[in-house]
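As a basis for the values below, the full set of heavy atoms in this structure was taken, side chains included, without hydrogen atoms, waters or symmetry mates. So that the names make sense, note that chain A is the first sequence line, chain B the second, and so on, each numbered from 1.
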Amino acid sequence: MPELPEVETIVRSLAPRLTGRHIVSAEILKQRIVRYSKHDVPGAVTGQRVREVTRHGKFILIGLERGFLTIHLGMTGQLRFDSPITPHTRAIFQLDGAALVYDDPRMFGSIEYSEATDRTDRLGPDALNSVLSPELLRRKAPIKAVLLNQSIFAGVGNIYADESLFRAGIHPRRRADRIAAPRASRLIQVVQEVLAEAVEHRGSSVSDYVDTEGRKGDFQLRHRVYGRKGLPCLVCGTPLRKIVVAQRGTHYCPVCQR
DNA sequence: ACTAATGTTGTAGG
DNA sequence: GCCTACAACATTAG
């Protein structure tokens with residue numbers, strides 16, 4: 001559910017409600033969700049005041065007086081305020097004022113505490129808030145794999161990779177380093193446009209994504225290829241295809257994307 | 001019953 | 001280091 005636009009939507013609603021607040025208590029219901037840090041997360045964060053809430057790629061960074069909480073939503077993670085505990089609730093953060101509940105049926109997400117900044121050191125620059133050089137695309141891998149590689153730039157997932165490649169008219173299997181410089185520049189521009197547009201629409205809700213208030217996004221209504229296999233291309237009418245690239249379902253128009 | 005699903009990590013091999 | 005493929009993580013929906 002969460003790529004950069006969904007995570008950005010969540011961060012924008014978390015920030016005003018968390019910043020300056022204190023974590024009164026914290027509870028990890030499923031230890032698996034704390035998978036990398038060796039810290040006792042509740043022990044480390046309880047009593048601390050939230051300094052800021054930011055984002056790098058798909059990671060949510062909650063800056064505390066000392067250290068950071070880093071949250072990744074995986075495929076099915078949700079952060080909701082004051083929502084009822086469910087069988088899939090994995091963690092609860094009680095703030096002075098509201099409870100932040102983390103649900104994650106598949107448990108692909110993670111919650112980490114670290115003293116220094118952290119875990120995002122393996123990520124490339126943020127896909128939305130950075131100037132991205134087209135040289136980043138000079139790889140032998142298919143362009144779709146490059147867009148999904150978070151160490152090159154961070155935030156694009158399966159939906160926005162497909163939507164960007166369609167808008168740029170590039171075949172997802174095209175070797176990245178064989179895209180001519182002007183088209184590579186154009187693709188970078190399109191990626192950032194698509195992400196920004198999706199943020200304006202509060203993300204895509206294709207299965208279960210909702211923001212911290214339980215609201216769905218709108219951007220799925222504007223998808224041109226993702227989830228539209230067999231439907232006519234909105235530009236040329238050709239039935240859209242679905243193939244596998246970089247081990248992910250990939251939607252594209254065989255006529256518009258070369 | 002089987003498959004695929006908005007993601008990441010680790011491993012093995014070329 | 002780069003690239004590919006696959007398994008693993010765990011659950012649900014079609």
NA contact type, Tyr226(A), heavy-atom cut-off 4.0 Å: base, sugar-phosphate, or nothing? sugar-phosphate
Treating primed atoms plus P, OP1 and OP2 as sugar-phosphate and everything else as base, which nucleotides of nucleotides 4-14 of chain C get B, S or - for protein heavy atoms under 4.0 Å? SB---BBBS--
Could you please name the option among dG7(B), dT9(B), dA5(B) that lies closest to any side-chain atom of Tyr36(A)? dT9(B)
Any chance you could lay out the side-chain contact (heavy atoms from CB on, under 4.5 Å) test for Leu95(A) and Arg21(A), step after step, and finish with the verdict? CA-CA 7 Å; Leu95(A) 282 292; Arg21(A) 291 298 170 120; 3.8 Å; yes
Quickly work out the Asp177(A) CG to dC3(C) P distance and round it to whole Å. 8 Å
Residues which pass side-chain contact (heavy atoms from CB on, under 4.5 Å) with Ala145(A), listed by chain and number, not counting sequence neighbours: Ala141(A), Pro142(A), Ala246(A)
Quickly work out the Ile33(A) CD1 to dT9(B) P distance and round it to whole Å. 14 Å
Do the charged groups of Asp218(A) and Arg202(A) touch, with an N to O distance under 4.0 Å? no
Rounded to whole Å, please give me the gap between CD1 in Ile159(A) and C1' in dA5(B). 10 Å
Heavy-atom side-chain proximity of Phe81(A) to Leu14(A) below 4.5 angstrom: yes
When you measure from the side-chain N and O atoms of Arg122(A) to the phosphate of dT9(B), is any distance below 4.0 Å, counting only OP1 and OP2? yes
Is it true that Tyr36(A) and Ser114(A) share a donor-acceptor pair across their side chains at a distance under 3.5 Å? no
Give the C-alpha distance, both sets of side-chain angles, the deciding distance and a yes or no for side-chain contact (heavy atoms from CB on, under 4.5 Å) between Thr9(A) and Val7(A). CA-CA 5 Å; Thr9(A) 301; Val7(A) 176; over 6 Å; no
Please report the distance, rounded to the nearest Å, between CG in Asp162(A) and P in dG7(B). 10 Å
Counting distance only, does the side-chain N/O of Arg228(A) pair as donor-acceptor with the main-chain N or O of Arg224(A) below 3.5 Å? yes
With His171(A), which residues qualify under ring-ring contact (aromatic ring centres under 6.0 Å, His included), at least two apart? Tyr252(A)
Would Glu6(A) and Lys216(A) pass as an ion pair if we require N to O under 4.0 Å? no
Look at the side-chain N and O atoms of Lys242(A) and state whether any lies under 4.0 Å from the OP1 or OP2 oxygen of dA5(B). yes
Can you give me the N/O atom pairs linking the protein to nucleotides 12-14 of chain B at distances under 3.5 Å, or say none if there are none?
none

Between C1' on dA4(B) and CZ on Arg248(A), what's the gap in Å once rounded to a whole number? 11 Å
Tell me the interatomic distance from Ile10(A), atom CD1, to dG7(B), atom P, rounded to whole angstroms. 13 Å
With a non-hydrogen cut-off below 4.0 angstrom, is Gly109(A) in contact with a base, only sugar-phosphate, or nothing? nothing
Nearest-angstrom distance from the residue atom OH of Tyr209(A) to P of dG7(B): 14 Å
Less than 3.5 Å apart, any donor N or O on the side chain of Ser25(A) or Thr46(A) sitting next to an acceptor on the other? no
Spacing of Asn149(A) atom CG relative to dG1(C) atom C1', expressed in whole Å: 13 Å
State, without any angle test, whether Thr86(A) and Asp103(A) hold a side-chain donor-acceptor pair at a distance under 3.5 Å. yes
With rounding to whole Å, what would you report as the distance between dA5(B) and dT4(C) at their C1' atoms? 22 Å
If the condition is ring-ring contact (aromatic ring centres under 6.0 Å, His included), which residues does Phe153(A) pass it with, not counting sequence neighbours? none
Any stems for DNA chain C, made of 3 or more Watson-Crick or G-U pairs in a row, each with both distances under 3.5 Å? B:2-5 with C:11-14, B:7-14 with C:2-9
For the P atoms, the ones on dC6(C) and on dA4(B), what distance do you get once it is rounded to whole angstrom? 13 Å
